[in-house]
Amino acid sequence: MPEVLIVGASFAGLAAARELKGRDVLLVDRSPVGAHQTSACALPSALADWLGARDAIVFEDDRMHVAVGHTRWDVRMPEPYCVIDYERCCLLLAAQSDAAFRRIRVVGRDGDAVLGADGERLTAEHVIDASGWRRILDPAGPTEGRDPALVIGTEDHVPVDAAGVVDGFAFYLGRSLLRSGYGWSFEAGDHVRAGVGSFVKEPLQEPMRRLRERDALGPGTEHHGGAIACVPRPPVDGRVLFAGDSAGHALPVTLEGIRPAAYYGAGAGRLLAAALAGSIGIDEAHRRYTALHTAHLGGYARLLRVQRWYRWLPQPLLRRLATRALGDPGPEVAFRSTRYLDVLRAERLPALP
């Protein structure tokens, strides 16, 4: 029986596994490591460096472009962001861990046993659920896609030579695109990652058509999408720690997921490593992980209020609010002071949070 079982081999699970190097860890996922990208894969460059994934960066810039209708802001950010190759990043991160890996499709939990689709019963001293928005190991059963707390998104990868507009990090807000949400277009080396995310359940085919029309995008060579969990859920249940989307850790409004997944995954792994080494008791590790989660609930609540209000904002008011947040439209403006970029930074996580 391994000391730690980690369900899910994406950013949260891999960050936890890296912190547990030297322990007996089993990492399971239904797919090979690095398969099935589900996000645009944009994150602060400092985090990519901390993850040991500099070689996975395919685009990097410290500027972004924000448009509300035909009004545009060219914004210089206080630090660079990057777009990564998902598979390459996951493989680089996995190489920094000595966890064993098995392809198992986990379907639920029976007491202390984790259940696989082919009849597997996996047990471990400690368990981390990094399975994503489905929250596979919830005692009430996995989350259904129709859950009203989930938001949705979809994205196409369009070759650069089939894209009329290639514009770094671009964000499109306003009712002309979709009812409640935003669109994006990110450079990613030889292709553009263009997509839309909606804060309400609405069909995304028409918003994607409008986005393709706006940026003169040809057909994509890859398509992905799905649900995003950005409403925090209990981080501990029995012997299970939940990290990333399984705990609702994606950030509301922006739907940024890699930064919080790495933060909470590393926190969970670091605390379990300390408990296994005898530095702290397991109850103390669970208490500290819960406190780490709780410390940020106020910020999530504020962003969730913005996300709920957003659907009712008429476009002229949205434009005025963007001007207030970003400054007057012009050749270039500086990103105004905000705590948004300063929180959930795994590279600043204390040794024992």
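Bear in mind that the values here come from a model prediction, so they are computed numbers and not experimental data. Numbers here simply count residues along the sequence, with the first being 1.
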Treating Ile, Leu, Val, Met, Phe, Trp and Tyr as nodes and any side-chain heavy-atom pair under 4.5 angstrom as an edge, say whether Val160 and Ile84 lie in one connected cluster.
no

Using a 3.5 Å distance criterion without hydrogens, assess whether the side chain of Glu3 forms a donor-acceptor pair with backbone atoms of Asp24.
yes

Just do the side-chain contact (heavy atoms from CB on, under 4.5 Å) check on Arg63 and Glu332 with the steps written out, would you?
CA-CA 9 Å; Arg63 293 171 298 168; Glu332 185 173 274; 3.6 Å; yes

Is a side-chain N or O of Arg259 found less than 3.5 angstrom from the main chain of Val343, in a donor-acceptor match?
yes

Could you tell me whether the side chain of Gln307 reaches within less than 4.5 Å of the side chain of Leu255, counting heavy atoms only?
yes

Arg193 with Glu155: basic N within carboxylate O range, under 4.0 Å
no

Rounded to the nearest 0.5 Å, the CH2 atom of Trp133 sits from the OG1 atom of Thr38 at a distance of 11.0 Å

Under a 4.0 Å N-O cut-off, is there an ion pair linking Arg287 with Glu284?
yes

Does the side chain of Pro44 come within less than 4.5 Å of Leu341's, by heavy atoms?
no

Does Tyr172 have Arg214 sitting over its ring (NZ/CZ under 6.0 Å from centre, angle to axis within 45°)?
yes

Mark yes or no for whether Gln96, through its side chain, and Leu92, through its backbone, hold a donor-acceptor pair below 3.5 Å.
yes

Salt-bridge test for Asp49 and Arg54: reply yes if a basic N is under 4.0 Å from a carboxylate O, no otherwise.
yes

Do the side chains of Val114 and Ile104 get nearer than 4.5 Å, heavy atoms only?
no

Tell me whether Ser198 contacts the main-chain N or O of Ser180 through its side chain, where contact means a donor paired with an acceptor under 3.5 Å.
yes

Between Phe59 and Tyr81, ring centroids under 6.0 Å
no

Determine, using the 4.5 Å side-chain heavy-atom cutoff (strictly less than), whether Val151 and Leu177 are members of one ILVMFWY cluster.
no

4.5 Å side-chain heavy-atom contact, Thr143 and Asp138:
no

Work out which heavy atom in Ala322 is nearest to a heavy atom in Val68; give both atom names and the distance.
CB-CG2, 4.2 Å

May I ask you to check if Arg311 and Phe199 form a cation-pi contact, with NZ or CZ under 6.0 angstrom from the six-membered ring centre and within 45° of the axis?
no

Please confirm whether Phe11 and Tyr264 have ring centers closer than 6.0 angstrom.
no

Should the pair Arg233-Asp129 be classified as a salt bridge under the 4.0 Å nitrogen-to-oxygen rule?
no

Could you tell me whether the side chain of Asp98 and the main chain of Gly22 form a donor-acceptor pair under 3.5 Å?
yes

Before giving the answer on side-chain contact (heavy atoms from CB on, under 4.5 Å), spell out for Leu43 and Leu51 the whole-Å C-alpha distance, their side-chain angles and the decisive distance to 0.1 Å.
CA-CA 11 Å; Leu43 66 158; Leu51 292 172; 4.2 Å; yes

So, do Thr154 and His223 sit near enough that their side-chain heavy atoms are less than 4.5 Å apart?
yes

Verify, without hydrogens or angle tests, whether Thr294 (side chain) and Thr290 (backbone) share a donor-acceptor contact under 3.5 angstrom.
yes

Is there a path from Tyr300 to Tyr263 through hydrophobic residues (I, L, V, M, F, W, Y) whose side chains come within less than 4.5 Å of each other?
yes

Donor-acceptor under 3.5 Å (Lys201 side chain, Ile152 main chain):
no

Arg105 (side chain) donor-acceptor with Asp118 (main chain) under 3.5 angstrom:
no

Please check if the side chain of Gln315 supplies one atom and the backbone of Arg175 the other of a donor-acceptor pair under 3.5 Å.
yes

I'd like to check Leu272 versus Ile282 (side-chain heavy atoms, cut-off strictly below 4.5 Å). Are they in contact?
yes

Cluster check Val240, Leu292: I/L/V/M/F/W/Y, side chain < 4.5 angstrom:
no

Is the shortest heavy-atom distance from the side chain of Pro32 to the side chain of Arg103 under 4.5 Å?
yes

Does either side chain, that of Tyr86 or that of Ser10, offer a donor lying less than 3.5 Å from an acceptor on the other one?
yes

Do Val231 and Val253 share a hydrophobic cluster (ILVMFWY, side-chain heavy atoms under 4.5 Å, transitive)?
no

Output yes when a side-chain donor or acceptor of Tyr310 lies under 3.5 Å from a complementary backbone atom of Gly181, and no otherwise.
yes

In this structure, are over 12 heavy atoms from other groups packed under 6.0 Å from Arg210 atom CZ?
yes

Residues Arg135 and Asp147 bridged, charged N to O under 4.0 Å
no

